[in-house]
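Some notes on the structure that comes next.
Keep in mind that this is a model prediction, so the values were computed, not measured.
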Amino acid sequence: MRKRAELVKVILVGAALLAAVGPGLVAPRLAGAPRVRTSSEGGLWFIRGARLTVGLDPADLRLTVRAAGREWRFLPSSAGDLTVKSGASEFPLRLADAAVKTVEPYATGYLSGIKVTLADFKRDSPPQGGQSPSAPLDLAIQVFLGLEGRDEDLVIRVIASDGKARVRELLFPPSPDPASFDATVVPFMQGMLLPKDWPRPVRLYDEISYGRGLYMPWWGHEQGAGAVLVVLETPADAGIRLSHPAGGPTRADVRWLHSLGRWSYPRAVRYAFLARGGHVALAKRYRRYAVETGNFVSLREKIARNPLVGNLIGSPVIHTSILYH
């Protein structure tokens, strides 16, 4: 009975620590979690670590990140960044137009930051055989933003609680503001380094992960000597929405798609901010992420599994096609 009472006491103390996190307080720090402070100042919310400071404006969901002496400003939520299906109709919404918005501190043993709940979305025009335009949709979206790991990567997780109204597509987080970067790096086929003011239009063949437009589930942006790496931690049903008209600027949004008609699982994206960047540094940082998550398979191991892979080293790559009409 005494051991049981001590165990209950430990559980209650732990629960009290988690519940005590409030604006301006230091979040509970367990093994592996960075030391983080959250605060609400003048309507804005901030997540402050030793390396990064993340700002969020709940009004338009605009993010600002200060890292390694640089500021990365992201674009705000815009019309059509959320696509919903209710009944037989499918229609665009704006994520920041949720009538109900709540922001609160959030902390686990490895992630510390804030939780944003968005609910009571409404359509602008009457649906066809669905809910009335004045009735809120039975849909709520939760966004968790926090710093994770020794490098204090910004990790954003999105959960949708959908009922009859279901999420079909979500473009969030938006692209960094063009004023915040000089060029974009995308693992598009053999690789693409795209200056934001490139004079010709650019498009991707396929914007979904592991397709021709995104061989690997990451991309990045360069700003001076620094860079930011964007990694899709849940690459299934995910990709990039890249836009670059003639002369630019480039826009690269995180793109989430439904899974068999529903938001079936939490989605996550990671932002790693590099003091010194470049396309090589971005590729190496993604390689390190793959090693740390157990997804890395070296060329030597691939050859051990299938010796024919060794024959590819030094072989030319020849693209062939046929005239068709």
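Using a 4.5 Å heavy-atom threshold, the side chains of Ile141 and Leu82 count as touching. Side-chain contact between Pro187 and Leu214 is present, with heavy atoms from C-beta onward closer than 4.5 Å. At a threshold of 4.5 Å between non-hydrogen side-chain atoms, the residues Glu301 and Ile303 do not count as touching. Using a 4.5 Å cut-off on side-chain heavy atoms (C-beta onward), Leu282 and Trp219 make no contact. Using a 4.5 Å heavy-atom threshold, the side chains of Trp263 and Val158 count as touching. The shortest distance between side-chain heavy atoms of Val54 and Leu147 falls below 4.5 Å. Side-chain atoms of His279 and Glu222, non-hydrogen and from C-beta on, do get closer than 4.5 Å to each other. The closest side-chain heavy-atom distance from Leu145 to Val116 is below 4.5 Å.
Scored by the side chain to side chain donor-acceptor pair (under 3.5 Å) test, Asn295 finds Thr293 as partners (sequence neighbours excluded). Not counting sequence neighbours, Arg200 has no partner by the side chain to side chain donor-acceptor pair (under 3.5 Å) test. Take Thr117 and apply the side chain to side chain contact (heavy atoms under 4.5 Å, CB included) test, not counting sequence neighbours, and it matches Thr102, Lys115, Gln142. Legend: residues meeting side chain to side chain contact (heavy atoms under 4.5 Å, CB included) with Arg94, ordered by chain and number and at least two apart, are Asp60, Ser77, Asp81, Ala96, Asp97. In this structure, the salt bridge (Lys or Arg N to Asp or Glu O under 4.0 Å) partners of Arg262, at least two apart in sequence or on a different chain, are Asp162.
Within the 6.0 Å centre-distance limit, the rings of Tyr205 and Phe188 are counted as a close aromatic pair. Note: Phe121 and Phe91 fail the aromatic proximity criterion, with ring centroids not under 6.0 Å apart.
In the hydrophobic clustering of this structure, Leu139 groups with Leu118; members are Ile, Leu, Val, Met, Phe, Trp, Tyr whose side-chain heavy atoms approach within less than 4.5 Å, directly or through other members. Cluster membership for Leu44 and Leu52, using ILVMFWY side-chain heavy atoms within less than 4.5 angstrom, is not shared.
Counting only N and O atoms by type, the side chains of Ser112 and Arg35 include no donor and acceptor under 3.5 Å apart. Under the 3.5 Å distance criterion, with hydrogens and angles disregarded, a donor-acceptor pair is assigned to the side chains of Glu233 and Tyr289.
Under the 4.0 Å criterion applied to side-chain N and carboxylate O atoms, Arg157 and Glu148 are assigned as salt-bridge partners. Using a 4.0 Å cut-off between charged nitrogen and carboxylate oxygen, Glu292 and Arg287 do not count as a salt-bridge pair.
Considering all non-hydrogen atoms of both residues, Pro173 and Ile156 come closest at CG-CD1, 3.5 Å. For Ala183 against Leu193, the heavy-atom pair with the smallest separation is CB-CD1, 4.0 Å. Thr250 and Ser175 get closest at one heavy-atom pair: O-OG, 4.4 Å. Counting all heavy atoms, side chain and backbone alike, Phe46 lies closest to Gly55 at CD2-CA, 3.9 Å. Heavy atoms only, all atoms of each residue included: Pro58 and Val103 are closest at CG-CG2, 4.1 Å. Considering every non-hydrogen atom in both Pro235 and Tyr210, the closest pair reads CG-OH, 3.5 Å.
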Evaluation steps, salt bridge (charged side-chain N to carboxylate O under 4.0 Å, His left out), between Arg241 and Glu169: CA-CA 11 Å; Arg241 172 64 58 83; Glu169 182 183 59; 2.9 Å; yes
Evaluation steps, side chain to side chain contact (heavy atoms under 4.5 Å, CB included), between Trp256 and Val167: CA-CA 9 Å; Trp256 307 111; Val167 175; over 6 Å; no
Residue pair Glu152, Arg270: steps toward the salt bridge (charged side-chain N to carboxylate O under 4.0 Å, His left out) verdict: CA-CA 10 Å; Glu152 294 185 358; Arg270 176 181 297 265; over 6 Å; no
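A cation-pi arrangement is found for Arg267 relative to Tyr265, the charged atom lying closer than 6.0 Å to the ring centre and inside a 45° cone about the ring normal.
Side-chain atoms of Asp206 come within 3.5 Å of backbone atoms of Ile208 as a donor-acceptor pair (strictly under, hydrogens ignored). For Ser315 (side chain) and Asn311 (main-chain N/O), a donor-acceptor pair under 3.5 Å exists by modelled atom type. Of the possible polar contacts, none joining the Asp151 side chain to the Asp153 backbone as a donor-acceptor pair under 3.5 Å is found. A donor-acceptor pair under 3.5 Å links the side-chain atoms of Thr234 to the main chain of Ala268, judged by distance alone. A donor-acceptor pair is defined here as one N or O able to donate and one able to accept, closer than 3.5 Å; no such pair exists between the side chain of Glu207 and the backbone of Gly213. Not one N or O on the side chain of Trp198 forms a donor-acceptor pair closer than 3.5 Å with the backbone of Gly248.
The line from CG of Leu56 to CD1 of Ile47 is 7.5 Å long, rounded to the nearest 0.5 Å. The CG atom of Leu242 sits 7.0 Å away from the OG1 atom of Thr184 when rounded to the nearest 0.5 Å. Going from atom CD1 of Ile114 over to atom CH2 of Trp45 covers 7.0 Å, rounded to the nearest 0.5 Å. Atom-to-atom distance recorded for Arg166:CZ and Leu260:CG is 10.5 Å, nearest 0.5 angstrom. Rounding to the nearest 0.5 angstrom, the gap separating the CD atom in Glu90 from the OG1 atom in Thr83 is 6.5 Å. Summarising the geometry, atom CG belonging to Leu312 is positioned 10.5 Å from atom NZ belonging to Lys302; distances are rounded to the nearest 0.5 Å.
Applying the under-4.5 Å side-chain rule to Ile, Leu, Val, Met, Phe, Trp and Tyr, the cluster around Val280 consists of that residue alone.
Checked options Arg73, Gln223, His221, Arg251; the residue passing with Pro176 is His221 (criterion: side-chain contact (heavy atoms from CB on, under 4.5 Å)). Screening Trp72, Trp218, Phe74 for a ring pair (Phe, Tyr, Trp, His ring centres under 6.0 Å) involving Tyr271 leaves a single residue, Phe74.
Shown here is His258, whose NE2 atom has more than 12 heavy atoms of other residues, nucleotides or ligands within 6.0 Å.
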